[in-house]
Amino acid sequence: MIVRAGLVASLVLAILTPAAANAANPGEIRQVAITAPEGRLAMLVSPTPVIRTDASDSVAVVRIDNPSHLAERVQLRANDYVLDAAGLPQPAPAGYELGSASWYQFEEADFQLAPGTSRDIRISVVPPATAGAGDHSASLDVTVRAATPASATGEGASLETVLLVRERLEHRIPGAHPLTPDLRLDATVDGTTVHFAAAVTNPGNTVLSYQTAATLPTLQLFDTSPWADPSGAARTLDPRGYYVPPQSERLASFDWLDGPLLASYRAVYTLPPFDGLPAVTAETTFTVVNLPVLIGIALGALGLVALMIWATVRRRRSRRSAAA
């Protein structure tokens, strides 16, 4: 069974890779992998693609696959969402106004998918006349339910497994106007752990996506301690990428765990060029001072000095006693 699952996963990955690479081109089929063999639900194999449409192409097609041996019930729904601290889409709170879930209509939103079959679902976008220019985001939530018969579970009862796959939907209305983001960077020190916090504000009406290999932010540390080697190369950390919706702020935090006991640094955080916008940098300075460890080292050194003095005094007394 394991070999069979691996073969099917490889086939699904080979099919998904071209689709994910062209995810930004509207009108193409996006393929969503739902289950693995033997009816066991699997994770989405491909990188999360963006299903994007614009005013000239307001229809997208999503292909749902069922490579398992069980019939499945598939439900599709568009939802508004917000990003959590890990950059993952979560349901938006009541009254959220930046989404566009109500614009999306499905050719079929609730259907049964036979084993080993697939179905192409057309998604049309009908924005209201009052919709503002730029990018509008929602999420495509694909819920799959598969019931494994009691004879297969061996537990005397059927077992239903539910999987939710969430993809990002974007629709661009003419008048898109990207603006250079505002970037702030702060650093706080806890012992030898440095906590960085970057805040990116997007003043434009288009999405800023710093998630692919070509657009990942970089964080460089320059040692400014008096004893540092001025010719030494900067240390580069690897912060996480994220995406910033229009007219919103995105916070990113990451830690440097192996800081020195005592040193001063200048940190430079850079957002690379994106969507015709120039690169943006922000910097901050901080000093790593691990007081508990330094105090421990100092006390240890004082103890060692005291022990040496005590040994010296004792040796001199012994010599005087011997001479007397």
Side-chain angles (χ1 to χ4, degrees), residues 48 81-93 96 98 137 168 178-204 207-275 277-302:
T48 303
Y81 70 90
V82 293
L83 296 175
D84 63 13
L88 302 175
Q90 302 296 336
Y96 185 71
L98 294 178
S137 299
R168 201 165 79 231
L179 294 177
T180 302
D182 176 65
L183 174 63
R184 301 189 309 278
L185 177 66
D186 295 309
T188 57
V189 181
D190 179 13
T192 58
T193 299
V194 183
H195 305 281
F196 295 98
V200 183
T201 303
N202 179 6
V207 169
L208 299 179
S209 181
Y210 300 100
Q211 293 181 309
T212 65
T215 60
L216 285 179
T218 59
L219 178 66
Q220 288 188 303
L221 301 180
F222 298 89
D223 194 341
T224 58
S225 306
W227 52 83
D229 182 2
S231 61
R235 181 191 297 265
T236 301
L237 300 185
D238 185 20
R240 298 174 181 175
Y242 46 84
Y243 118 137
V244 191
Q247 300 294 317
S248 63
E249 181 182 70
R250 180 76 174 93
L251 301 176
S253 59
F254 36 90
D255 297 335
W256 181 31
L257 301 178
D258 57 348
L261 296 179
L262 176 63
S264 298
Y265 285 92
R266 179 172 63 94
V268 179
Y269 190 72
T270 303
L271 296 176
F274 178 78
D275 204 8
L277 300 174
V280 179
T281 62
E283 62 180 71
T284 187
T285 58
F286 61 93
T287 300
V288 179
V289 180
N290 192 335
L291 286 177
V293 174
L294 291 176
I295 291 174
I297 294 175
L299 291 177
L302 289 176

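Heavy atoms only: backbone and side chains are in, while hydrogens, waters and symmetry mates are out.
Taken to the nearest 0.5 Å, the CG atom of Leu277 stands 5.0 Å off from the OG1 atom of Thr180. Taking OG1 from Thr188 and CG from Asp186, the interatomic distance works out to 8.5 Å, rounded to the nearest 0.5 Å. The distance from atom CZ of Arg250 to atom OG1 of Thr201, rounded to the nearest 0.5 Å, is 12.0 Å. A distance of 6.5 Å separates CZ of Phe274 from CG of Leu208, quoted to the nearest 0.5 Å. Taking CG from Leu183 and CD from Glu283, the interatomic distance works out to 11.0 Å, rounded to the nearest 0.5 Å.
Between Pro217 and Leu271, the shortest heavy-atom distance links the atoms CG-CD2, 3.8 Å. Minimum heavy-atom separation, Gln211 to Leu216: O-CD2, 3.7 Å.
In this structure, Gln220 contributes its side chain and Ala234 its backbone to no donor-acceptor pair below 3.5 Å. Judged by distance alone, the side chain of Asn202 and the main-chain N or O of Pro245 form a donor-acceptor pair under 3.5 Å.
Contact of the Pro181 side chain with the Val244 side chain is not registered, since no non-hydrogen atoms from C-beta on lie closer than 4.5 Å. By the 4.5 Å heavy-atom criterion applied to side chains, Pro203 and Asp182 are not counted as neighbours. Within the 4.5 Å cutoff, the side chain of Leu219 has heavy atoms near those of the Phe254 side chain. Side chains of Val288 and Val194 form a contact here, defined as non-hydrogen atoms less than 4.5 Å apart. Inter-residue side-chain proximity for Arg235 and Trp256 is flagged as met; some heavy-atom pair is nearer than 4.5 Å.
A salt bridge links Arg184 with Glu249: the distance from a Lys NZ or Arg NE/NH1/NH2 to an Asp or Glu carboxylate oxygen falls below 4.0 Å.
With Thr281 as reference, Thr270 is the one residue of Thr270, Thr218, Leu185 to meet the side-chain contact (heavy atoms from CB on, under 4.5 Å) rule.
With sequence neighbours excluded, the residues that form a side-chain hydrogen bond (donor to acceptor under 3.5 Å, both in side chains) with Thr215 are Thr212. Partners of Phe286 according to the ring-ring contact (aromatic ring centres under 6.0 Å, His included) rule, which considers only residues two or more places apart in sequence or in another chain, are Phe196, Tyr265. By the ring-ring contact (aromatic ring centres under 6.0 Å, His included) test, Phe222 pairs with no residue at all, sequence neighbours left out.
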Practice problem: Show your working on side chain to side chain donor-acceptor pair (under 3.5 Å) between Ser264 and Thr224 and close with a plain yes or no. | Solution: CA-CA 5 Å; Ser264 298; Thr224 58; 4.7 Å; no
